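Okay, so here's the structure we're looking at.
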Amino acid sequence: MLNLRFIQDNPELVIEKLKKRNFDASEIVKNILDLYKQKNRLQGQADQAKAEMNKISKEIGILFREGKADEANAAKTRTSEIKESIKQFDIDFAEIEKKVFDLQVQLPNLPHDSVVPGKGEDDNEIVKIVGTIPEMDANALPHWELAQKYNLIDFELGVKLTGAGFPVYRGKGARLQRALISFFLDQAREAGYEEIQPPLMVNEASAYGTGQLPDKEGQMYHDATDNLYMIPTAEVPVTNIYRDVILDAKDLPFKNTAYSSCFRREAGSYGKDVRGLNRLHQFDKVEIVQVAHPDESYKILDKMVAHVAQLVEKLELPYRILRLCGGDIGFTSALTYDFEVFSAAQEKWLEVSSVSNFESFQANRLKLRFREEGVKKPQIAHTLNGSALALPRIVAALLENNQTPEGIKIPKVLVPYTGFDIID
RNA sequence: GGAGAGAUGGCAGAGUGGUCGAAUGCGGCGGUCUUGAAAACCGUUGUACCGCGAGGUACCGGGGGUUCGAAUCCCUCUCUCUCCGCCA
């Protein structure tokens with residue numbers, strides 16, 4: 001969420017920048033400014049009343065100790081009125097604070113200057129396209145048919161065990177999954193990321209910390225008995241490592257990578273692009289997360305993009321990088337690059353990674369700060385994350401693009417991990 | 001699942017109604033001493049909000065209550081630990 005002080009000091013800037021998202025913030029910002037003034041006035045009054053009260057209480061204590069009980073009791077009678085007004089101030093203050101907060105969380109992050117305005121995905125900028133799109137045989141099979149033909153993934157069995165969107169990987173299909181996970185983790189480690197194995201369920205505080213709550217409540221699986229949420233991405237537990245902490249500036253950036261299964265209810269998304277591995281309730285992903293100094297975060301974003309690009313290249317998949325437009329960028333992001341690989345048999349681009357700089361938007365909610373040498377006041381850090389990479393669509397593209405009459409070829413870089421170079 | 005104990009500053013740990021934002025120790029930072037370091041000694045060391053500032057307010061797991069006054073008393077919730085049971 002945006003910092004209140006910042007909104008207060010830069011109302012026009014906030015409104016102007018959010019226009020790129022087709023988000024009209026004028027009403028909300030105006031209300032926030034009004035409430036903020038009220039809040040401060042109220043706090044002034046309340047603090048004054050409390051100061052008065054504290055002073056009297058202290059005096060009463062001294063009087064009692066000196067044995068002047070009469071004077072002490074006389075002083076007591078003066079307090080009841082102040083006490084009442086304090087009570088009322090506190091009630092009003094809490095109410096206004098809640099109103100401000102409710103408005104504050106409605107404002108999305110300010111897009112970076114490089115983000116172009118736009119309505120939706122059609123307006124995204126294609127930064128670059130790498131690799132050549134393979135010419136496929138007319139009878140090339142989509143991955144769900146290949147998965148069945150070579151007995152790699154059993155979607156039907158998943159339905160039996162759990163439900164749609166929970167596929168069962170088996171044999172070389174399962175081994176391919178494991179190989180990809182190891183490969184991605186090793187690559188991240190070599191790039192200096194510390195590997196984390198996080199819990200797959202988180203508590204409410206963590207779900208709030210990264211903004212899954214309150215807005216996206218319906219997108220997470222929730223265990224009501226213990227009030228825990230299945231993570232939709234490793235970003236949630238990993239980023240929450242840094243909730244409520246003050247870091248040393250000289251230790252920045254913090255770099256973490258984590259493999260996890262991800263669980264998403266995907267409520268309301270049935271019917272389109274859900275075939276095979278295209279959209280699942282449970283899938284695997286290796287995530288990279290960085291906590292950065294504000295001055296460094298965009299340099300770091302570029303490095304993260306380069307890291308992801310290099311992964312896709314090593315897998316020999318044709319891909320393109322998009323810079324998301326204002327209308328398509330996520331609520332919490334200031335700048336996002338999406339990676340899409342070309343899936344040859346489906347003949348379409350599939351999103352396999354999303355790399356974002358959240359600037360201070362997420363850190364502000366997390367209370368993730370750092371302290372600069374010699375500066376007393378802690379500052380809000382920047383957070384970034386990206387998928388590196390999400391497995392299912394990578395697998396879909398690998399199967400489809402690498403199919404040959406002899407079988408499915410495994411990219412060279414993966415062979416040491418799979419232990420086989422062809423699926424036949 | 002049963003029984004018990006506990007939650008205080010970066011950590012450890014005192015504090016059971018007022019002078020407590022909080023002893024003491026460790027750690028951190030600065031300094032003295034030293035060729036340098038260690039040791040010793042001295043000083044310093046929480047966060048947020050409001051205020052131009054002086055300063056004020058809040059925070060001792062969360063919420064509520066008693067009281068002129070709560071870290072301290074009461075209620076409630078959450079979490080952690082120990083023992084027993086079960087168990088990968």
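Note on naming: letters A, B, ... go to the chains in the order of the sequence lines (proteins, then strands), and numbering restarts at 1 for each one. This structure is a prediction, so every number in the text was calculated from the model and none was measured. We use all heavy atoms of the structure for the numbers below, so side chains are in, but hydrogens, waters and symmetry mates are not.
At the heavy-atom level, A/R65 lies under 4.0 Å from base atoms of the strands shown. A/I60 comes within contact range of at least one nucleobase, with a heavy-atom separation under 4.0 Å. Among the heavy atoms of the strands lying under 4.0 Å from A/Y36 are primed sugar atoms or P, OP1, OP2 only; no base atom is included.
When the P atom is compared between B/C33 and B/C11, the two are found 35 Å apart, to the nearest whole Å. Only the C1' atoms considered, B/A71 is 11 Å distant from B/G17, to the nearest whole Å. The same atom, C1', is picked in B/A40 and in B/G56; the two are 41 Å apart, to the nearest Å. Between B/U80 and B/G28, the two P atoms lie 31 Å apart (nearest whole Å). Here, B/U57 and B/A7 have their P atoms 28 Å apart, quoted to the whole Å. Rounded to whole Å, the C1' atom of B/A70 lies 15 Å from the corresponding atom of B/C75. Look at the C1' atom in both B/A88 and B/U72: the space between them is 45 Å, to the nearest Å. Separation of the P atoms belonging to B/A23 and B/U44 is 12 Å when rounded to the nearest angstrom.
When the nucleotides B/U47, B/A58, B/G56 are ranked by their closest atom to the side chain of A/A51, B/G56 comes out on top. If you check B/A58, B/U47, B/G56 against the side chain of A/Q43, the one that comes closest is B/G56. Here the side chain of A/K377 is nearest to one of B/G18, B/G56, B/C49, namely B/C49. In this structure, the nucleotide among B/U57, B/G18, B/A48 sitting nearest to the side chain of A/S57 is B/G18. For A/M53, the side-chain atoms get nearest to B/C68 when compared with the rest of B/C49, B/A48, B/C68.
Relative ring orientation between A/H293 and A/F370 is described as tilted, the plane-to-plane angle lying within the 30° to 60° band.
Within the 4.0 Å cut-off from OP1 or OP2 of B/U47, at least one side-chain nitrogen or oxygen of A/K376 is found. Not one side-chain nitrogen or oxygen of A/K39 sits closer than 4.0 Å to the OP1 or OP2 atom of B/U57. Distances shown here put a side-chain N or O of A/K83 below 4.0 Å from the OP1 or OP2 atom of B/G69. Between A/K55 and B/G56 there is no side-chain polar atom (N or O) within less than 4.0 angstrom of OP1 or OP2. A sub-4.0 Å separation between OP1 or OP2 of B/G56 and a side-chain N or O of A/N54 is absent. For B/A48, the OP1/OP2 oxygens have a side-chain nitrogen or oxygen of A/R369 closer than 4.0 Å. Phosphate contact (OP1/OP2 of B/C50, side-chain N/O of A/R41, threshold under 4.0 Å): absent.
If you look at A/Y229 and A/Y221, their ring centroids are not closer than 6.0 Å.
Following rounding to the nearest Å, A/D47 (CG) and B/A48 (P) show an atom-to-atom distance of 16 Å. In this structure, CD of A/E372 is placed 16 Å from C1' of B/C29, rounded to the nearest angstrom. What separates CG of A/D92 from P of B/C50 is a distance of 18 Å, to the nearest Å. Look at NZ on A/K68: it is 20 Å from P on B/G18, rounded to the nearest Å. The CD-C1' distance, from A/E97 to B/U57, rounds to 13 Å in whole Å. The distance between atom NZ of A/K367 and atom C1' of B/G46, rounded to the nearest whole Å, is 15 Å. Counting to the nearest Å, the P atom of B/U80 and the CG atom of A/D226 are 11 Å from each other. For the pair A/D248 CG and B/U45 C1', the interatomic distance rounds to 14 Å; values are reported in whole Å.
Using N1 to N3 plus N6-O4 or O6-N4 for Watson-Crick, or N1-O2 and O6-N3 for G-U wobble, each under 3.5 Å, B/C20 pairs with nothing. Across every strand in view, B/G43 sits in a pair with B/C29 that passes the Watson-Crick or G-U test at under 3.5 angstrom. Across all strands shown, B/A38 remains unpaired; no Watson-Crick or G-U wobble contact has both distances below 3.5 Å. Pairing partner, B/C52: none, since no Watson-Crick or wobble contact has both distances short of 3.5 Å. Base pairing annotation: B/C79 forms a Watson-Crick or G-U wobble pair with B/G6, both donor-acceptor distances under 3.5 Å. Of the nucleotides present, none pairs with B/A88 by Watson-Crick or G-U wobble criteria with both distances under 3.5 Å. In this structure, B/C60 makes no Watson-Crick or G-U wobble pair, since no nucleotide meets both defining distances under 3.5 angstrom.
Place A/A75 and A/I62 on RNA chain B by their nearest nucleotides, and A/I62 ends up nearer the 5' end. Residues A/E373 and A/P378 both approach RNA chain B. Their nearest nucleotides, taken by heavy-atom distance, put A/E373 toward the 5′ side.
There is no side-chain donor-acceptor pair under 3.5 Å between A/Y150 and A/E145.
Salt bridge annotation for A/K30-A/E27: absent, with no cationic side-chain nitrogen under 4.0 angstrom from a carboxylate oxygen. With respect to A/D34 and A/K99, no salt bridge is recorded, no charged nitrogen being found less than 4.0 Å from a carboxylate O. In this structure, A/D24 does not pair ionically with A/K19, as no charged nitrogen and carboxylate oxygen lie closer than 4.0 Å.
Counting heavy-atom neighbours within 6.0 Å of A/E97 CD, excluding the residue itself, gives a total above 12.
Cation-pi contact between A/K285 and A/Y259: absent, since separation from the ring centre below 6.0 Å together with deviation from the ring axis within 45° is not met.
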